[in-house]
Protein chains: 2
Amino acid sequence: MHQKRVTLADVAKAAGVSRTTASLVLSDRGDELRISEPVQHRVRQVAAELAYRPNAASQVLRTGLSRTFGFISDTVATSQLAGDMIKGALEGARRHDHMLFIGESEGSEDEQARLIQAMVDRQVDGIVIASMFTRERPVPRGVGRPLVFLNTVPAEDHAQVPVVIPDEIGAGRAAARALLDAGHREIHLIGAGPALGDVPPLTIAGQERLEGILRELDGAGLEPASGRRCSIWLPEDGWQATTALLQSGVTGGAILCFNDRLALGAYQAIQEAGFRVPQDFSVVSFDDHQLASWLRPGLTTVALPHYELGRRAVEALLAPAQADTRFERVPMPLRARGSIAAP
Amino acid sequence: MHQKRVTLADVAKAAGVSRTTASLVLSDRGDELRISEPVQHRVRQVAAELAYRPNAASQVLRTGLSRTFGFISDTVATSQLAGDMIKGALEGARRHDHMLFIGESEGSEDEQARLIQAMVDRQVDGIVIASMFTRERPVPRGVGRPLVFLNTVPAEDHAQVPVVIPDEIGAGRAAARALLDAGHREIHLIGAGPALGDVPPLTIAGQERLEGILRELDGAGLEPASGRRCSIWLPEDGWQATTALLQSGVTGGAILCFNDRLALGAYQAIQEAGFRVPQDFSVVSFDDHQLASWLRPGLTTVALPHYELGRRAVEALLAPAQADTRFERVPMPLRARGSIAAP
DNA sequence: CCGTCGAGCTAAACCGAGTTAGCAACGACT
DNA sequence: AGTCGTTGCTAACTCGGTTTAGCTCGACGG
């Protein structure tokens with residue numbers, strides 16, 4: 001099946017030069033080592049004619065560089081979250097002419113260690129450790145290659161790992177600001193709150209979104225009108241929390257959901273109770289799940305920049321690790337659609 | 001940055017044997033070549049103590065096998081479609097102790113050729129060419145490695161490529177059957193139909209789903225009550241088609257959507273018109289998008305087995321290509337939820 | 001006429017494994 | 001004593017590149 005490839009020796013022979021010369025020319029060191037123009041030209045021509053492609057394994061063995069990165073995430077499947085992140089990572093790799101190994105640890109440290117091992121065995125030039133949900137993770141030791149944490153914060157503070165995470169606090173502020181700007185004063189939280197600390201366990205995102213929201217409201221001299229914490233952030237939970245809110249006698253105002261899936265549940269509860277978005281309730285949320293553009297009216301949401309996150313994480317592998325790039329916060333842009341109106 | 005790895009030579013030296021002996025022992029050919037038990041034990045022990053790991057680049061160079069597959073898709077980002085497919089591919093690779101390169105061609109033949117080239121340079125043991133939407137594609141020539149088409153049909157009939165695709169005809173039958181079994185006789189199609197050939201261009205899936213539906217209805221002596229072809233299958237299109245259907249005076253029956261996003265639009269149109277699912281309209285669809293379980297009521301849909309597709313495609317790379325495995329149709333299971341009731 | 005210098009190229013070592021051919025030591029058998 | 005066979009191991013080559021050190025040749029200066 002594996003037909004014979006054209007090797008450097010074949011090129012050298014056909015061009016009537018030594019392997020050394022061929023190698024120098026093809027790696028653009030010909031001028032540096034004084035190979036004459038005619039010879040360079042001939043080597044290049046022959047290489048092109050024979051469709052020569054260097055054997056990467058051989059280059060890796062000699063140079064220790066594989067032009068390959070690794071990308072390990074805890075989950076790959078969860079919606080387009082991962083898809084866009086991987087897409088960004090691929091773009092980052094492509095820009096530097098690298099390939100990308102993908103691995104999925106399913107949250108298991110053992111599996112992650114196995115993947116790191118397999119990638120290091122293959123001499124990857126760096127590994128991104130990604131999480132689909134912002135959280136703390138121990139830093140793998142002794143990898144011996146550049147490492148970047150994506151959407152993940154190192155558990156030990158002494159650990160020297162560059163980190164790329166979304167600016168969730170800024171996102172919280174942006175979501176609150178969007179409602180304030182529309183004139184809302186009565187803002188109900190779905191998913192967490194109303195007080196700082198009322199967040200589901202282990203989610204840094206929830207914590208920081210809430211912090212941003214409270215800060216922005218505080219700047220306007222406000223507090224949330226109410227807040228309902230949900231242990232999981234699925235549509236069903238949003239539906240329940242919103243239904244409870246409506247049953248408490250609220251007939252209008254603004255609803256700030258902690259993610260788009262909760263917002264879907266909120267839409268459903270609002271519609272089933274006979275209210276309308278945005279006439280009765282303005283809704284804003286986080287993530288910019290595909291769903292957000294499919295709802296009627298379109299859901300205004302603060303986007304998780306998955307693509308950017310993936311791309312920057314990979315590119316951070318190559319960047320010289322300076323102090324100021326150790327902790328990169330990627331802004332989360334507001335996607336304004338039709339779910340916010342004046343009260 | 002790259003600290004020195006332990007090599008086979010280090011192990012051999014520490015164990016007081018030759019590199020040959022160490023190599024034989026560690027590749028389990030010790031018995032075959034009569035290395036004594038004590039020596040084998042010592043070598044293994046030393047290897048473990050030094051945490052020896054073979055350099056994959058070196059093995060690749062020597063053996064030509066990389067324990068690595070390539071997975072090239074036209075799009076990675078589109079929802080969890082790709083995510084689950086990649087997840088399945090990862091599982092397939094993991095089972096055979098392989099790693100997985102991911103690449104995205106964005107539909108460009110040039111980019112795909114570049115990716116194939118880069119993967120072949122790295123001596124991958126096989127490449128899966130995947131499409132997120134079933135369609136015809138030319139077969140890349142001269143790859144020299146095992147190739148499998150996933151969700152993709154070779155454009156040239158003479159091309160010898162194993163193909164893994166979902167059983168869309170069976171899916172069409174299953175969707176129609178689900179409605180017939182509930183007692184429905186009046187079945188409206190959203191997305192394609194009512195006659196064979198009324199499908200959006202370039203989608204094999206649409207064609208085959210329709211074929212399956214028509215066959216199953218025909219078996220019950222029926223034809224679709226109506227059919228509306230949509231050029232794209234987004235929620236907006238489903239909403240428009242369903243709104244048109246309702247405005248034509250239909251007040252109940254069954255709606256068969258060609259995918260879940262169309263079904264979301266149908267749900268929205270039905271609810272906005274004051275009807276209810278499933279009391280007034282039963283809805284069934286295809287794909288089993290995450291969305292399907294989030295709708296109220298849950299959407300009954302025929303699942304695209306993305307995970308299975310990904311896994312089987314990768315495993316097909318290793319399977320000896322027999323005639324009967326050349327064209328693998330993966331069944332699409334019905335996911336019954338709450339959107340179907342008796343008329 | 002010899003020494004020096006630079007231009008232009010190459011032999012050979014090297015990366016870290018896998019693999020082939022064969023050697024040394026020892027006992028058994030003729 | 002010589003031959004043979006077996007056991008137990010290793011020297012040396014190979015994969016396909018990169019890199020170092022150095023060779024050859026002609027021009028030029030003294």
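Each chain gets a letter, A, B and so on, in the order the sequences are listed, and its residues count up from 1.
Close approach of DNA chain C to chain A, defined as any atom under 4.0 Å from a non-hydrogen atom of the protein, starts and stops at C:dA7 to C:dG16. When DNA chain D is scanned 5' to 3' for any atom under 4.0 Å from a heavy atom of chain A, the first and last hits are D:dG16 to D:dT20.
Annotation: ring pair (Phe, Tyr, Trp, His ring centres under 6.0 Å) contacts of B:Phe69 (sequence neighbours excluded): B:His98. When the side-chain hydrogen bond (donor to acceptor under 3.5 Å, both in side chains) test is applied to B:Arg62, no partner is found at least two apart in sequence or on another chain. The side-chain hydrogen bond (donor to acceptor under 3.5 Å, both in side chains) search around A:Asp167 returns none, not counting sequence neighbours. Residues forming a side-chain hydrogen bond (donor to acceptor under 3.5 Å, both in side chains) with B:Thr21 (at least two apart in sequence, or on another chain): B:Ser18. By the ring pair (Phe, Tyr, Trp, His ring centres under 6.0 Å) test, B:Tyr52 pairs with no residue at all, sequence neighbours left out. Not counting sequence neighbours, the partners of A:Arg122 by the side-chain hydrogen bond (donor to acceptor under 3.5 Å, both in side chains) test are B:Thr68.
Less than 4.0 Å separates DNA chain D from at least one heavy atom of each of the following residues of residues 19-48 of chain A: A:Arg19, A:Thr20, A:Ser23. Shown for residues 11-18 of chain B: residues whose heavy atoms fall under 4.0 angstrom of DNA chain D, namely B:Val17, B:Ser18.
Salt-bridge check for B:Arg94 with A:Glu104: failed, with every basic side-chain N at 4.0 Å or more from each acidic carboxylate O.
For residues 14-26 of chain B, no residue pair satisfies the salt bridge (Lys or Arg N to Asp or Glu O under 4.0 Å) rule, not counting sequence neighbours.
Heavy-atom minimum distance, B:Val314 versus B:Ala93: CG1-N, 3.7 Å.
A rotation axis mapping the C1' atoms of four pairs onto the next four is fitted at both ends of the helix from C:dC1-D:dG30 to C:dT30-D:dA1 over five pairs, and the angle between these axes is 90° to 10 degrees.
Here A:Leu8 lies in heavy-atom contact (under 4.0 Å) with a base.
Within 6.0 Å of the NE2 atom in B:His41, the count of heavy atoms belonging to other residues, nucleotides or ligands does not exceed 12.
Side chains of B:Ser131 and B:Asn151: a donor-acceptor N/O pair is absent below 3.5 angstrom, by distance only. Looking only at atom types and distance, the side chain of B:Asp31 has a donor-acceptor partner in the side chain of B:Gln40 under 3.5 Å away.
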